[in-house]
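Report on the following structure.
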There are 2 protein chains.
Amino acid sequence: MGITKTELFTTQQNELALIAKAFAHPARIAILQYLVKSKSCINGTLVQELGLAQATISQHLRELKEIGLIQGSIEGVSVSYCINPEKWEQVQGLFNGLFDELNNSCDSDSCC
Amino acid sequence: MGITKTELFTTQQNELALIAKAFAHPARIAILQYLVKSKSCINGTLVQELGLAQATISQHLRELKEIGLIQGSIEGVSVSYCINPEKWEQVQGLFNGLFDELNNSCDSDSCC
DNA sequence: TTTAATCATCGTAATATTGCAATATAATTA
DNA sequence: TAATTATATTGCAATATTACGATGATTAAA
């Protein structure tokens, strides 16, 4: 019926899928890269940079914020977002864990 | 109107988003992990393992195959899938590239 | 306090994804 | 050839995502 059966999977699998979903849109990738590059940004700047409507950017920012990848602090009229280093590290760990699973089980070209 | 504006983003951003989308479902993560663990698998085995309907598994396998993460070879009545090492390496490269962007621009705790 | 500026939220339309039953396809076996 | 086995495809219903205009909330300046 169109709803993901999370109960069938492990916490790690569900967690990884959620984070991957955050990366699964080019606008959110672009936002993260811009955040990294400029160390902080505001919604308005991103509207110029990306070419999407202000409401759309705001929505993408919220998704990134909801899973903890970024955090925002009010600066006068605007809001300054930045990467959350702890979460970012955790994300790297999860992905690297997945990648290592293959690299270890598949030492040479003997695989597949 | 609900359709991703890919033309606004770079090829790398779109590519990364597509791959992330493949990871953005726990069933597909589970399939990849099972493939890695058992070095090969068939649709039927996965139905037992995951508890989703055969049609659903087949659909997830197709998505993974379409972006090149896995490849299947016919073995009699069944089909044996396995990881595509080249693509897997490319995927790692893309993600590590993204991760490195932050790690380099953010040497210490001076960030954020 | 009005005005302007900036970001968030709401409501809605278009599109995409998820899951499964039913059915189709392909290969092996009787 | 007919039956069996294993996977793929189709069609559909439920749900989720994407995008944006309109509107709301908040802060700074006039």
Side-chain angles (χ1 to χ4, degrees), chain A residues 1-9 13-14 17-31 34-35 38 40-67 70-82, chain B residues 1-9 13-14 17-31 34-35 38 40-67 70-82:
Chain A
M1 286 99 176
I3 189 165
T4 299
K5 295 189 158 181
T6 52
E7 72 275 11
L8 293 178
F9 309 101
Q13 286 163 344
N14 285 315
L18 270 180
I19 292 168
K21 199 184 278 183
F23 285 110
H25 194 287
R28 291 194 291 270
I29 303 258
I31 289 173
Y34 189 76
L35 273 176
S38 62
S40 75
C41 75
I42 50 176
N43 192 320
T45 319
L46 284 168
V47 173
Q48 312 283 311
E49 185 82 8
L50 298 188
L52 286 169
Q54 184 266 325
T56 308
I57 302 280
S58 194
Q59 195 175 304
H60 283 304
L61 284 168
R62 184 170 59 172
E63 281 179 68
L64 291 171
K65 199 163 68 178
E66 263 169 4
I67 68 159
I70 68 175
Q71 50 203 181
S73 60
I74 296 163
E75 292 202 357
V77 205
S78 55
V79 176
S80 187
Y81 285 102
C82 69
Chain B
M1 285 94 183
I3 187 165
T4 300
K5 294 189 159 181
T6 52
E7 72 277 9
L8 293 179
F9 310 101
Q13 286 164 343
N14 285 313
L18 270 180
I19 292 167
K21 198 182 279 183
F23 285 109
H25 195 287
R28 290 194 289 271
I29 304 259
I31 288 173
Y34 188 77
L35 272 176
S38 63
S40 75
C41 75
I42 51 176
N43 192 319
T45 318
L46 283 168
V47 174
Q48 312 282 311
E49 185 80 9
L50 298 189
L52 286 169
Q54 183 265 324
T56 308
I57 301 279
S58 193
Q59 195 175 306
H60 283 305
L61 284 168
R62 185 170 57 173
E63 281 179 68
L64 290 172
K65 198 163 66 176
E66 264 169 5
I67 67 157
I70 67 174
Q71 49 202 180
S73 60
I74 297 163
E75 294 203 358
V77 206
S78 55
V79 175
S80 186
Y81 285 101
C82 69

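Within every chain, numbering begins at 1; the chains are lettered A, B, ... in the order of the sequence lines, protein sequences first and strands thereafter. If you're wondering where the values come from, they're calculated on a predicted model, not measured in any experiment.
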Both K65(B) and Q54(A) contact DNA chain D. Taking the nearest nucleotide for each, which residue is further toward the 5' end? K65(B)

First of L52(A) and T45(B) reached from the 5' end of DNA chain D, by closest nucleotide: T45(B)

Using a heavy-atom cut-off of under 4.0 Å over every strand shown, decide if I57(A) touches base, sugar-phosphate, or nothing. nothing

Would you indicate what S58(A) reaches in the nucleic acid, counting non-hydrogen atoms under 4.0 angstrom: base, sugar-phosphate, or nothing? base

Chi angles and distances behind the side-chain contact (heavy atoms from CB on, under 4.5 Å) call for T56(B), L50(B): CA-CA 11 Å; T56(B) 308; L50(B) 298 189; over 6 Å; no

Side-chain N,O ([X]) to OP1/OP2 ([N]) below 4.0 Å:
| X | N | answer |
| --- | --- | --- |
| T56(A) | dT18(D) | no |
| R62(A) | dC7(C) | no |
| K21(A) | dT17(D) | yes |

Please work out whether the ring planes of H60(B) and H25(B) are parallel, tilted or perpendicular, with thresholds of 30° and 60°. tilted

Flag if over 12 foreign heavy atoms under 6.0 Å of CD1, I74(A): no

Expressed as a whole number of angstroms, how long is the span from [X]:[atom1] to [N]:[atom2]?
| X | N | atom1 | atom2 | value |
| --- | --- | --- | --- | --- |
| L18(A) | dT17(D) | CG | C1' | 14 Å |
| L61(B) | dG19(C) | CG | C1' | 15 Å |
| I67(A) | dT17(D) | CD1 | C1' | 15 Å |
| R28(A) | dA16(D) | CZ | P | 15 Å |
| L64(A) | dA8(C) | CG | C1' | 15 Å |
| H25(B) | dA16(D) | NE2 | P | 11 Å |
| E75(B) | dA26(C) | CD | P | 19 Å |
| N43(A) | dA25(D) | CG | P | 18 Å |

Among [options], the one nearest [X] by side-chain distance:
| X | options | result |
| --- | --- | --- |
| Y81(B) | dA27(C), dC20(D), dA8(D) | dA8(D) |
| T4(B) | dC20(D), dA19(D), dA8(C) | dA19(D) |
| V77(B) | dC20(D), dT18(C), dA6(D) | dA6(D) |
| K5(B) | dC7(C), dA19(D), dG19(C) | dA19(D) |
| E63(A) | dA16(C), dT18(D), dA8(D) | dT18(D) |
| A55(A) | dT28(C), dT9(C), dT27(D) | dT9(C) |
| H60(B) | dA8(D), dA19(D), dG19(C) | dG19(C) |

Select from G51(B) and S78(A) the residue whose nearest nucleotide in DNA chain C is closer to the 5' end of that strand. S78(A)

Can you tell me how far [atom2] of [Y] sits from [atom1] of [X], rounded to the nearest 0.5 angstrom?
| X | Y | atom1 | atom2 | result |
| --- | --- | --- | --- | --- |
| I67(B) | R28(B) | CD1 | CZ | 8.5 Å |
| C82(A) | I70(A) | SG | CD1 | 8.5 Å |
| L35(B) | T45(B) | CG | OG1 | 10.0 Å |

